[in-house]
Amino acid sequence: MKEPQDKFESLLASLNPQQQEVVLYTSSPQIIVAGAGSGKTRVIMVKIAFYCYALNVNPEKILAITFTNKAAQELKDRLEILNLSGVNSGTFHAVCLKILQAHGNYIGVKKPVVYDEQDQAALIKECLAQLEIDDKRTSPGRVVEWISRKKDELEVPQPVAGTKDYKLHLVYELYQKKLDALNALDFGGLIMKAVELLTKYPDLRDYYQKSKYTHILVDEYQDTNTAQAVFLKLLAGDNRHLTVVGDPDQSIYSWRGANINNLLHFEQSYPTAKTFRLEQNYRSTQAILEASNGLILHNLQRKEKNLWSDKTDGEEIVYLKVESDRAEAKKVAEILIENNLDGIPYCDMAVFYRTHSLSRSLEEILLKRGVPYMIVGGLPFYQRKEIKDLLCYVRFIINPADRISFKRIINTPARKIGDKTLLKIESAVYSSGTDFYTLFKNNYGVEGISGHPRKVCDFFIYLIDKYRPKFESDEHWNTVVEELIEEINYISYIKNTNTDEKADVRIDNINTLVEAFAEYQAEHENASIYEFIDTLALRSSADDLNGKQDKVSLMTLHCAKGLEFKLVCLIGMEEKLLPYYKDIEDADEIEEERRLCYVGITRAKEKVYLLSASRRFTYSGPKYSLPSRFISEIPEEKLKANSRPQKNEPARYFNVNYYPKDNHFDMNEFMDEFSVGDCVYHYDYGKGVILGGTGYGKNKKLIIQFNGEQEPTVVMASYAGLSKLDEQ
DNA sequence: TATCACGGCGGTTCT
DNA sequence: CGCCGTGATA
């Protein structure tokens, strides 16, 4: 058994000279420009070990800021092996939350609740109504986004009549007031309030800089926004033990306010900073490396960098052009199965795509072929309806001033309370000047609320009285929650409002949530329910990933950052999808799309498959597209010979809506041209016979027995691209 | 006044 | 497709 100290020394010895130099350097802040696969995570870990074992730094004084909670957890796990479990790690948001939980009271932040986009949108809706702005023309979601971008730049509302975005500023101002009154923080607010706190209180700032966190490391620095950079500066001050790591070629979050200049102009904020480079790639084969280098070379705004590797050539990249999304899915399934037979475990394979929606057809086929898979990402756990519902119960019970939560749960499950009644209750609460609990607990006659609605209100008072003390004590929260779920009949509500299949998934999620309560309490002494709820809100979808099962990972390209697999498939390699159609006009945005593609390819250790489909069905009908320009930007000799894109392809670069929006088309003979017994040809399934049909027009479904399929298949007549065959 | 069924419509990437 | 808002219905 090796001692941790020995482990550290052998780790250090295993690094290359450049990596060692980075680890040993302590004279000033340092910025590490680290290419894909250059071992930056490892360098961060060894550097932390170096601080502790060589410089005798107390692990608790070290702060590692990561991009996701998952990355933070992985780092923690690795450090634990080195006996360094005291090291602090988390995302910017988690770190800010922690600081605000500890000292937020200085600036009026106490027991903060973290609001996600849904909560924000609900609050924005209130604001729009109050300001009499039409929420059809100004969608709450858009406003949320606008405000988020302002907060990324630390901009406060400045409503000046007659100036640009005057109304948006007005909404922002009102929204912020409401947030403050609710003790709520949105994502941007977490950073902004932390900045405010550390700016206003020099003593506190000193405490953080000089004694709380003396050594700070930040990963994925290319994807930080202005607010985060300012926060970091406040936290680090002139500390020379600051390390930031990033790769400009992997900057893919500018749409979220990330500012690449934080990385490129690091020396402006930290004049004594020294720059280091890590250019040796340990992950991928030569072929993959050269292909991705060739691709990223097409970006004009780019700092020269040359990744190299001493790995063997490896296999060339395979590009496959197929007819349809279905064929693409089948091909992917084949690739996965074949390689699995060749010895690559499923857990070492991944499929990446630009948008979540592309996973659907794939899932269907994988399920059919029995390929085990898991979707990483998708809707964050916290935002799933059943989870959000239950958490809103808890949120409201421990904080009856939380209007937004109340709104969500008062009629969930249905209790015969509609908008009108809700409005009455809200205005009664508002004009009483107190909160819901105080008003209904003490008054037997609340004006305007009687009969059934009053009973429902009393039920909530009962819930608060019964469960609040339990949540605030050290009782086992999981049993408390279970009791609550039972009390509100939530499980039968889920069963009654969902198909069996869906209900099962949701009940599964609820069980996971209940476990999470127990887990948190087990891991934290004197755990506070407030802190737990907020921690949960910051948990992203990628964080739920438990990598131990032997399953193929399906995820978006954004989600893929920081991961690696032996085999990688990129599907939907088409113009308008990658690059995405919204980013296709702007040169900067094209470059970001190219980086996204680059990130995808560089995740692979050994094999890369790129797939494009000529035809893809969307909800609005079939769409035709050409292979992505990025495929032809990969040096041709790095693509497998038989898979190189053909030059001068016939232009089929148009979208077809076969079916006009006009509903009269419903009765069109085209749609009803099929009848039972007809022989038809399906572009994918081949020949078949129609057994029956349901629905009309665009929604017409046909039940068809295809040759070679065991069971009849249901297809959408309008999407299937069916053609009638003469009798055989 | 609550609820249900239907039709229209938008549609990225995520802490 | 799935969500949301609308209008008819109980």
Side-chain angles (χ1 to χ4, degrees), chain A residues 65-72 90-97 114-118 120-121 125 135-136 139-142 144-145 148 151-152 185-191 220 223-225 227-228 251-258 352-361 376-380 382-383 385 411 414-424 451-453 456 497 502 534-535 537-543 555-561 572 576-584 589 592-593 595-596 599-600 617-621 623 661 663 666 697-699 716 718-719:
Chain A
I65 301 180
T66 55
F67 190 70
T68 61
N69 291 295
K70 188 177 122 242
T91 61
F92 272 101
H93 294 90
V95 171
C96 289
L97 177 63
V114 176
Y115 270 18
D116 67 9
E117 283 141 63
Q118 285 175 36
Q120 292 180 60
K125 244 179 168 176
D135 68 356
K136 271 175 211 130
S139 91
R142 293 264 161 216
V144 168
E145 214 185 309
S148 300
K151 291 192 169 187
D152 288 341
L185 294 168
D186 52 18
F187 286 116
L190 280 165
I191 315 288
E220 309 280 11
D223 283 323
T224 52
N225 61 38
Q228 288 164 337
S251 142
I252 52 175
Y253 280 93
S254 71
W255 53 272
R256 208 173 77 183
F352 302 146
Y353 33 79
R354 176 68 233 263
T355 66
H356 286 298
S357 60
L358 290 193
S359 70
R360 260 188 225 143
S361 51
V376 181
L379 196 59
Y382 178 85
Q383 284 183 20
K385 177 184 159 43
N411 206 37
R415 298 193 179 87
K416 298 190 190 302
I417 302 290
D419 286 349
K420 287 277 154 77
T421 315
L422 177 63
L423 220 59
K424 275 188 197 162
H452 174 71
V456 172
T497 50
K502 255 192 184 161
D534 286 344
T535 317
L538 295 182
R539 272 244 280 246
S540 80
S541 46
D543 301 334
M555 68 188 88
T556 63
L557 285 162
H558 283 90
C559 218
K561 195 171 72 161
K576 296 188 174 178
L577 219 45
L578 187 69
Y580 199 68
Y581 74 100
K582 286 202 172 164
D583 300 318
I584 227 155
E589 287 173 339
E592 182 148 324
E593 295 289 303
R595 290 193 290 270
L596 204 48
V599 166
F617 287 102
T618 69
Y619 63 83
S620 60
K623 294 267 193 285
K661 298 224 156 137
N663 281 341
D666 278 4
K698 206 176 138 190
N699 291 321
M716 300 291 286
S718 52
Y719 293 168

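Below, chain A is the first sequence line, B the second, and so on; all start at residue 1.
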d([atom1], [X]; [atom2], [N]) in whole Å:
{"X": "A:F352", "N": "B:dT13", "atom1": "CZ", "atom2": "C1'", "result": "14 Å"}
{"X": "A:E220", "N": "B:dT13", "atom1": "CD", "atom2": "P", "result": "19 Å"}
{"X": "A:F187", "N": "B:dC14", "atom1": "CZ", "atom2": "P", "result": "12 Å"}
{"X": "A:H356", "N": "B:dT13", "atom1": "NE2", "atom2": "P", "result": "5 Å"}
{"X": "A:Y580", "N": "B:dT12", "atom1": "OH", "atom2": "P", "result": "5 Å"}
{"X": "A:Y581", "N": "B:dG11", "atom1": "OH", "atom2": "P", "result": "7 Å"}
{"X": "A:I584", "N": "B:dT12", "atom1": "CD1", "atom2": "P", "result": "16 Å"}
{"X": "A:Y353", "N": "B:dC14", "atom1": "OH", "atom2": "C1'", "result": "14 Å"}

Side chain of A:R360, heavy atoms from C-beta onward: which of C:dC1, B:dC14, B:dG11 has the nearest atom to it? C:dC1
So which nucleotide from C:dG2, B:dG11, B:dT15 ends up closest to the side chain of A:H93? B:dT15
Quick one: label A:R595 by what it contacts on the DNA or RNA (base, sugar-phosphate, nothing), any heavy atom closer than 4.0 Å. nothing
Looking for any heavy atom pair under 4.0 Å, which part of the strands does A:E589 touch: base, sugar-phosphate only, or nothing? nothing
With distance as the sole test, does A:H452 use its side chain to make a donor-acceptor pair with the main-chain N or O of A:R415 at under 3.5 Å? yes
By nearest heavy atom, map A:Q383 and A:R142 onto DNA chain B; which one lands nearer the 5' end? A:R142
Taking atom P in both C:dC4 and B:dT13, compute the distance separating them and give it to the nearest angstrom. 16 Å
Does a side-chain heavy-atom distance below 4.5 Å link A:L538 with A:V114? yes
State, with a plain yes or no, whether a side-chain heavy atom of A:T421 is found less than 4.5 Å away from one of A:N411. no
Please state whether the rings of A:Y253 and A:H558 are parallel, tilted or perpendicular, taking 30° and 60° as the class boundaries. perpendicular
Is it the case that more than 12 heavy atoms not belonging to A:K125 sit under 6.0 Å from its NZ atom? no
Test side-chain contact (heavy atoms from CB on, under 4.5 Å) applied to A:Y353 and A:S359, step by step: CA-CA 8 Å; A:Y353 33 79; A:S359 70; 3.5 Å; yes
Under 4.0 Å from OP1 or OP2 of C:dC4: is there any side-chain N or O of A:K125 that close? no
Under-3.5 Å N/O pairs linking protein and nucleotides 1-3 of chain B:
{"residue": "B:dA2", "atom": "OP1", "partner": "A:G418", "partner atom": "N", "Å": "3.0"}
{"residue": "B:dA2", "atom": "OP1", "partner": "A:T421", "partner atom": "OG1", "Å": "2.4"}
{"residue": "B:dA2", "atom": "O5'", "partner": "A:G418", "partner atom": "N", "Å": "3.3"}
{"residue": "B:dT3", "atom": "OP1", "partner": "A:K416", "partner atom": "N", "Å": "3.1"}
{"residue": "B:dT3", "atom": "OP2", "partner": "A:N411", "partner atom": "ND2", "Å": "3.2"}

Looking at B:dT13 and A:Y253: do their rings stack (centroid distance under 5.5 Å, interplanar angle under 30°)? no
Determine, for A:K582 against A:E589, whether the closest basic-nitrogen to carboxylate-oxygen distance falls under 4.0 angstrom. no
